[in-house]
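Notes follow the structure.
Convention: sequence-line order gives letters A, B, ...; per-chain numbering from 1.
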There are 2 protein chains.
Amino acid sequence: MYLCLMYSSELIKGTLKTIILNLLRDKGRMYGYEITAKVKELTDGKIQITEGALYPTLHSLEKNGELETEKEFIGKRVRKYYSLTSQGQETASQKVNELADFMNTMKFLLDLEPKLGNA
Amino acid sequence: MYLCLMYSSELIKGTLKTIILNLLRDKGRMYGYEITAKVKELTDGKIQITEGALYPTLHSLEKNGELETEKEFIGKRVRKYYSLTSQGQETASQKVNELADFMNTMKFLLDLEPKLGNA
DNA sequence: AAAGATACATAAGATTCTTGGGTATTTAAT
DNA sequence: ATTAAATACCCAAGAATCTTATGTATCTTT
């Protein structure tokens with residue numbers, strides 16, 4: 001039996017962009033705080049994106065043309081909604097496919113199940 | 001269809017220790033160059049561990065008591081064999097289990113297949 | 001009134017990888 | 001014979017990305 005409260009940080013490294021892009025593809029648009037909350041909820045707290053990691057990543061994705069933003073006021077508080085550009089759509093597909101392929105390869109490499117014919 | 005010559009480096013980050021520990025658990029003992037060659041072979045070139053990443057990781061694992069080494073001379077050339085300590089055995093199991101769990105979570109999070117009951 | 005949740009953001013430091021060296025021996029090709 | 005490629009180790013500057021800590025401000029619940 002194996003218990004795990006939260007994954008070691010090194011494991012999550014490199015998957016953050018993929019997680020964000022895929023969530024946005026699914027939900028249409030989200031704001032930063034919402035993303036961290038949703039990921040935490042969906043993973044039973046096993047993946048907790050810190051804001052120090054989230055916001056720089058969102059900004060970099062926006063700067064790179066993958067995301068676009070619109071501000072909205074909730075009362076006096078600003079909320080910044082992010083959504084995928086068409087380029088972001090493509091990148092999201094690519095990254096998810098690559099990660100799926102990678103996980104297949106890792107499964108084989110770690111001998112976690114008999115070889116499946118890594119198509 | 002999805003083609004992939006080599007995974008983006010960011011994806012591989014954080015799995016290097018796990019790959020090394022698991023290989024050593026399987027093979028008993030290996031030397032550095034052999035590890036890179038084996039991983040490249042097993043993954044059809046999709047994961048290529050550079051020596052700049054490999055050796056610092058091996059040294060750090062040794063320093064941390066997970067690995068022990070013995071030198072052998074092949075002609076005039078030194079070869080440094082690495083093997084798991086008993087602590088390394090435990091760490092290897094832990095890390096492989098954690099990665100398997102993580103990949104399950106990621107599959108669910110990325111909606112790559114219907115929910116399996118993430119036990 | 002205070003505490004906690006919501007919501008954004010930045011920055012110093014740590015970690016880990018990439019890139020580009022360096023040294024040296026052995027084997028295969030020209 | 002000589003060159004190129006493979007084997008085999010290593011280090012270090014720089015880049016990328018995350019952690020940790022901090023800052024500001026509003027809204028909601030106790």
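Residues passing the side-chain hydrogen bond (donor to acceptor under 3.5 Å, both in side chains) test with A:Thr57, sequence neighbours excluded: none. Considering only residues two or more places apart in sequence or on other chains, A:Tyr81 meets the side-chain hydrogen bond (donor to acceptor under 3.5 Å, both in side chains) condition with A:Arg79.
Salt bridge status for A:Glu66 with A:Lys17: absent, with no side-chain N to carboxylate O gap under 4.0 Å. Between B:Glu41 and B:Lys38 a salt bridge is recorded (basic side-chain N to carboxylate O distance below 4.0 Å).
With hydrogens and angles ignored, the 3.5 Å screen pairs no side-chain donor or acceptor of B:Asn22 with any backbone N or O of B:Thr18. B:Glu90 places no side-chain N or O within donor-acceptor distance of the main-chain N or O of B:Gln87, the cut-off being under 3.5 Å. In terms of modelled atom types and a separation under 3.5 Å, the side chain of B:Thr69 and the main chain of B:Lys80 share no donor-acceptor contact.
Atom CD in B:Glu72 sits roughly 11 Å away from atom P in D:dC9 (whole-Å rounding). In this structure, CZ of B:Phe73 is placed 11 Å from P of C:dT26, rounded to the nearest angstrom.
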Could you run down the sub-3.5 Å N/O contacts of the protein with nucleotides 1-4 of chain D?
none

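The end-to-end axis angle of the helix from C:dA1-D:dT30 to C:dT30-D:dA1, rounded to 10 degrees and based on five pairs per end, is 20°.
In this structure, the side chains of A:Tyr33 and A:Glu51 come closer than 4.5 Å at one or more pairs of heavy atoms.
Only one option out of B:Glu34, B:Glu68, B:Glu72 pairs with B:Arg29 in a salt bridge (Lys or Arg N to Asp or Glu O under 4.0 Å); it is B:Glu72.
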Exercise. Between protein and nucleotides 5-18 of chain C, map the contacts as a letter string: B base, S sugar-phosphate only, - none, heavy atoms under 4.0 Å, written 5' to 3'.
Key: SBSBBBB----SSB
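Within the structure, ring-ring contact (aromatic ring centres under 6.0 Å, His included) contacts touching residues 37-78 of chain A (residues at least two apart or in different chains) do not occur.
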